[in-house]
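This report refers to the structure that appears directly beneath it.
Here is how names work: the chains are called A, B, and so on, in the same order as the sequence lines, proteins then strands, and each is numbered from 1.
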Protein chains: 2
Amino acid sequence: MLPILHLNEYKISGPTVLGRARIEEVLMLLRGHGYDPRIVAGSDVRQVHRDFAATLDDCHGAIRAIQATAREGSGVGRRPWPAIVLHTPKGWTGPAVVDGQQVEGTFRAHQVPVSAVRENPDHLAILESWLRSYRPDVHFDAEGRLVPELSALVPQGDKRMGATPYANGGRILVPLDLPDFTTYALDVKAPGTTRAESTRPLGELLRDTFVRNAASRNFRLFCPDETNSNRLSAVFEVEDRCLIDARSDDDHVSAEGRVMEVLSEHSCQGWLEGYLLTGRHGLFATYEAFAMVSASMAIQHAKWLEAGRDLAWRAPVSSLNVLLTSTCWRNDHNGFSHQGPGLIDTMISMKGSVVRVYLPPDANCLLSVADHCFRSHDYVNLVVIDKQPQLQYMGMDAARAHCARGASVWDWASSDEGEEPDVILACAGDIPTMETLAAADMLRHHLTDLRVRVVNVVDLMVLFPPDVHPHGLPEATFTELFTENTDVVVAFHGYARALHQIVHGRHRADRFHVHGYIEEGTTTTPFDMVVRNQMSRYHLVLDALSRSRRVARGARQVEDHCRIMLSRHEDYVREHLEDMPEVRDWTWATR
Amino acid sequence: MLPILHLNEYKISGPTVLGRARIEEVLMLLRGHGYDPRIVAGSDVRQVHRDFAATLDDCHGAIRAIQATAREGSGVGRRPWPAIVLHTPKGWTGPAVVDGQQVEGTFRAHQVPVSAVRENPDHLAILESWLRSYRPDVHFDAEGRLVPELSALVPQGDKRMGATPYANGGRILVPLDLPDFTTYALDVKAPGTTRAESTRPLGELLRDTFVRNAASRNFRLFCPDETNSNRLSAVFEVEDRCLIDARSDDDHVSAEGRVMEVLSEHSCQGWLEGYLLTGRHGLFATYEAFAMVSASMAIQHAKWLEAGRDLAWRAPVSSLNVLLTSTCWRNDHNGFSHQGPGLIDTMISMKGSVVRVYLPPDANCLLSVADHCFRSHDYVNLVVIDKQPQLQYMGMDAARAHCARGASVWDWASSDEGEEPDVILACAGDIPTMETLAAADMLRHHLTDLRVRVVNVVDLMVLFPPDVHPHGLPEATFTELFTENTDVVVAFHGYARALHQIVHGRHRADRFHVHGYIEEGTTTTPFDMVVRNQMSRYHLVLDALSRSRRVARGARQVEDHCRIMLSRHEDYVREHLEDMPEVRDWTWATR
């Protein structure tokens with residue numbers, strides 16, 4: 001790639017920053033960024049064209065020389081890369097002066113230069129003279145066709161700018177050779193009894209994906225600086241971080257590395273977008289709260305995909321896969337600024353035809369979801385799961401079936417035994433799932449006559465009505481999960497009210513009572529995060545009992561217990577600076 | 001301000017870009033940005049401290065010299081501003097080597113340098129030696145108090161870093177001297193009959209605000225490059241765009257200008273945030289779709305305000321006022337990438353205590369809203385209105401009362417005459433209001449026995465239940481507007497489903513049927529935008545008739561008419577490349 005800075009000095013109504021800088025400053029800026037800039041400047045059309053052509057040749061030669069050296073592997077390190085500063089007047093060769101005001105070479109050329117051609121003969125004359133300056137009489141024949149000596153200059157086939165396969169990357173896409181994701185499965189003997197870092201097996205899958213596609217060289221992992229922190233470190237068994245000037249004391253850094261770490265969400269997102277659009281594959285892993293930094297880029301990529309779907313000649317490209325780890329619920333140590341699940345809100349406003357949001361509750365579900373995302377095309381797939389040790393629920397077969405459905409009743413956690421439940425506990429996301437199961441556990445053990453159903457949602461899109469999102473469950477399936485009229489207490493990973501916008505249109509949507517992130521947070525303990533946001537197991541039990549279709553025997557005592565525990569929690573975390581052991585160490589098998 | 005680049009070469013797991021650049025490149029980068037950088041480098045503690053102190057003095061002198069010249073007004077133009085590159089080892093003076101691995105001067109110093117102090121005596125010894133290197137025995141007395149010769153060095157009062165009023169800007173805030181906004185009112189003789197660019201009178205209010213606060217020098221307007229395009233050009237009668245190197249042929253550009261135009265939403269948003277937090281006032285005006293570029297900054301500012309509310313010692317600062325013009329509905333000419341009302345979605349997920357969203361339907365409402373926003377403190381106020389000529393509805397008295405209520409029944413547009421309406425048409429936003437009124441007009445004239453009520457919402461927050469947002473209307477007031485059970489067809493400026501998340505919790509919220517932006521767009525005509533998104537007057541009429549509590553006589557014919565008109569529209573825009581005259585020229589008084 002050859003960067004060209006067209007320094008025409010002006011924007012729509014005033015000077016640009018670099019347009020008003022001294023040219024030496026512009027050159028220093030580019031040199032500081034590692035470029036070897038050449039200047040092509042002037043306003044004499046023929047001279048500038050000749051200079052520009054010569055400079056292009058010069059740059060091409062310089063790039064080829066750098067490439068040759070690099071490909072010999074002689075390891076000379078980073079060398080300044082050519083760049084061009086094309087310094088010409090704004091509106092160059094357009095109308096120079098209109099109504100006595102200078103247009104060419106000023107900001108006015110950014111606007112409509114001659115605006116009154118219908119009424120003003122002077123304007124019309126300026127327009128005519130401008131258009132004639134392109135010499136259509138010489139360049140086109142009597143039938144309006146380009147003359148042969150010019151049309152002979154036009155490139156053919158894939159050399160045409162709009163036809164180059166690099167601009168329609170699906171044409172040169174080599175499918176990713178993915179390993180069998182089930183081989184990375186965690187062995188989950190009983191649900192909710194063992195803890196593991198769910199992203200570690202994904203790291204192993206990524207590692208082997210690098211190996212299997214080494215020959216195609218078409219897979220990269222993008223991440224600000226957190227590949228290790230996100231527990232994806234297995235990739236470093238086979239890959240390095242990419243940096244040309246690596247030193248011997250660096251940790252897995254080399255010029256050939258395919259793990260792209262730069263502390264800029266914009267760069268990571270932009271690199272991946274370009275990589276996908278030119279026919280390759282990748283994953284962008286980042287902290288949840290900081291995903292908003294590049295949200296506008298994700299929006300524009302989604303819009304690109306939305307528009308591209310209507311163009312038959314555009315070949316499908318690999319999906320934009322975004323993994324959000326270090327989520328709001330477990331940024332207890334980093335604090336309020338790091339707590340923000342807002343990218344879900346942004347993504348669900350985009351079209352259902354291109355956007356998917358997955359909230360795998362554990363490692364095996366994450367593997368199944370990741371495999372699905374890597375095989376998909378033309379989507380933005382948002383996958384949200386934390387990296388900290390967390391309870392594991394599903395064996396691989398069950399996880400696979402669950403992910404294929406998108407949402408399932410978890411019979412092992414339910415006490416409705418096929419009957420109409422008194423209340424439904426639904427959950428989407430890892431921490432919400434744990435709190436929901438702890439709540440179900442409490443209800444099952446203390447209120448044995450209460451019929452509670454637990455539903456887990458891994459594909460958030462299934463909750464949308466089917467006319468809004470293609471994953472939306474048919475009404476009958478939705479009713480199988482959530483019944484027709486039973487109240488549903490939902491624990492949701494994201495901003496609580498976002499879920500209401502998703503379920504709107506479902507039968508009696510107002511029976512969904514959502515607990516989620518309500519912008520309450522600070523530097524505190526993990527359980528205090530769910531307490532502050534009223535999504536704790538105790539809040540869920542209290543809500544479930546208030547929504548239940550009948551009053552279970554002993555409900556009052558359970559409610560009292562919840563309130564006492566919430567009060568004890570307040571005192572305990574202030575005294576011990578960590579969570580109560582019965583909360584911290586809770587597992588499904590405790591009792 | 002003196003920028004200091006602490007070049008310690010590493011991030012958490014690898015080298016930084018500038019850490020691996022040649023030092024000459026770092027200097028060129030800073031020089032290219034207009035700085036005159038000094039280097040302080042080394043690892044000898046005493047020497048570096050002496051060098052750093054001398055360099056600080058040097059920079060201070062250089063800044064004072066630049067200021068003196070500038071304040072003499074001798075107009076020497078821009079001069080390189082001092083900056084320091086502090087080049088020292090990462091983790092400097094921390095543990096040098098742990099477990100045989102180099103820590104000081106590497107990325108490992110970013111992590112926990114000695115992690116096993118409880119189990120490993122070597123680690124404990126390293127920790128002790130490290131902490132003792134700070135010489136607590138010399139710096140503290142036997143009671144643990146700082147020794148007098150050191151505590152004497154501590155600044156007093158406002159010179160303490162945390163007590164400087166510039167870090168608690170509310171302490172030095174001079175209230176904005178605002179003109180009487182009603183003097184800029186448009187004269188609206190009859191609702192919906194005349195068109196005007198609604199942001200022009202706001203420009204006049206801003207102009208006079210600049211004049212009235214000239215002595216306090218505490219108001220600025222921030223805008224990428226669109227002050228003129230956004231019809232706020234009256235400010236240029238009294239103010240310039242700010243640029244030090246202004247030239248005579250520039251248009252309203254000077255070193256003293258208080259209109260801050262830079263083609264970077266990040267810079268505009270960041271400048272305004274800093275300006276507010278240091279006790280000043282301002283407005284950020286930008287294209288709606290591009291507001292997402294700096295959305296994560298708006299989120300963090302809102303979080304700052306949320307957290308600051310709990311700190312009694314923080315004085316209130318002026319609100320962050322964001323004006324979104326050039327909205328999705330009128331970016332028909334710019335196309336799909338410019339159509340995105342997503343900042344509303346982002347903002348409504350923040351806490352009700354700090355966030356407000358206003359959708360004034362016309363110029364006089366905008367004036368009233370703007371006055372309210374400029375007088376408020378500690379909020380993020382999002383105001384959305386387009387800049388194109390649009391129908392005007394309310395005289396100033398009516399507009400003022402309407403904005404104070406946040407939402408009102410528009411009796412002049414309604415045909416329910418105090419009776420229970422058959423259907424309610426609600427609208428929020430300028431274009432949705434016009435489509436709603438055109439729909440009401442059709443219904444009134446063709447179905448004289450149908451009782452239609454029109455409700456306009458200017459403060460979107462009033463729709464939230466009162467426990468979610470302090471502006472949320474009490475249930476009784478909400479019922480006065482929207483009744484208890486009548487269906488409400490809503491035309492909403494933003495993403496359609498966002499409104500469902502707002503009204504959730506209201507009585508029978510599922511009777512709200514929302515038409516809004518559904519991510520359908522392209523380069524087309526204005527009316528085609530509302531047709532594609534199913535928010536056109538015809539779509540609203542069809543929906544209203546299907547939701548109406550009874551079938552009005554003649555309804556079938558009106559439905560047929562709507563379908564015919566939608567079909568005609570398709571043909572017409574393709575043939576004429578503009579909208580049907582009866583749509584384009586519609587006003588409330590047409591019939």
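Contact of Phe512(B) with chain A is made through the backbone alone, with heavy-atom distances under 4.5 Å. Val293(B) touches chain A through backbone and side chain together, each having a heavy atom under 4.5 Å away. Contacts between Ile244(B) and chain A at a heavy-atom distance below 4.5 Å are absent for every atom of the residue. Only the backbone of Ile518(A) has a heavy atom closer than 4.5 Å to any heavy atom of chain B. Neither the backbone nor the side chain of His252(B) comes within less than 4.5 Å of any heavy atom of chain A. Within the 4.5 angstrom heavy-atom criterion, atoms from both the backbone and the side chain of Phe336(B) approach chain A. Both the backbone and the side chain of Ser337(B) have a heavy atom closer than 4.5 Å to some heavy atom of chain A.
For Arg22(A), the salt bridge (charged side-chain N to carboxylate O under 4.0 Å, His left out) partners are Glu24(A), Glu25(A), not counting sequence neighbours.
For the options Met350(B), Arg108(B), Gln101(B), heavy-atom pairs under 4.5 Å to chain A are most numerous at Met350(B).
For Arg508(A) and Asp510(A), the salt-bridge test passes: some basic side-chain N is under 4.0 Å from an acidic carboxylate O. Under a 4.0 Å N-O distance rule, the pair Asp251(A)/Arg241(A) qualifies as a salt bridge. Using a cutoff of 4.0 Å between basic side-chain nitrogens and carboxylate oxygens, Asp245(B) and Arg20(A) are not scored as salt-bridged.
Side chains of Glu519(B) and Ser349(A): a donor-acceptor N/O pair is absent below 3.5 angstrom, by distance only. In this model, a donor atom of one side chain and an acceptor atom of the other lie less than 3.5 Å apart for Lys90(A) and His110(A).
When ring centroids are compared, His493(A) and Tyr517(A) stay outside the 6.0 Å threshold.
Applying the 6.0 Å contact sphere to OH of Tyr10(A) captures more than 12 heavy atoms from other residues, nucleotides or ligands.
Identified by a heavy-atom distance below 4.5 Å to chain A, the contributing residues of residues 297-305 of chain B are Ile299(B), Gln300(B), Lys303(B), in residue-number order.
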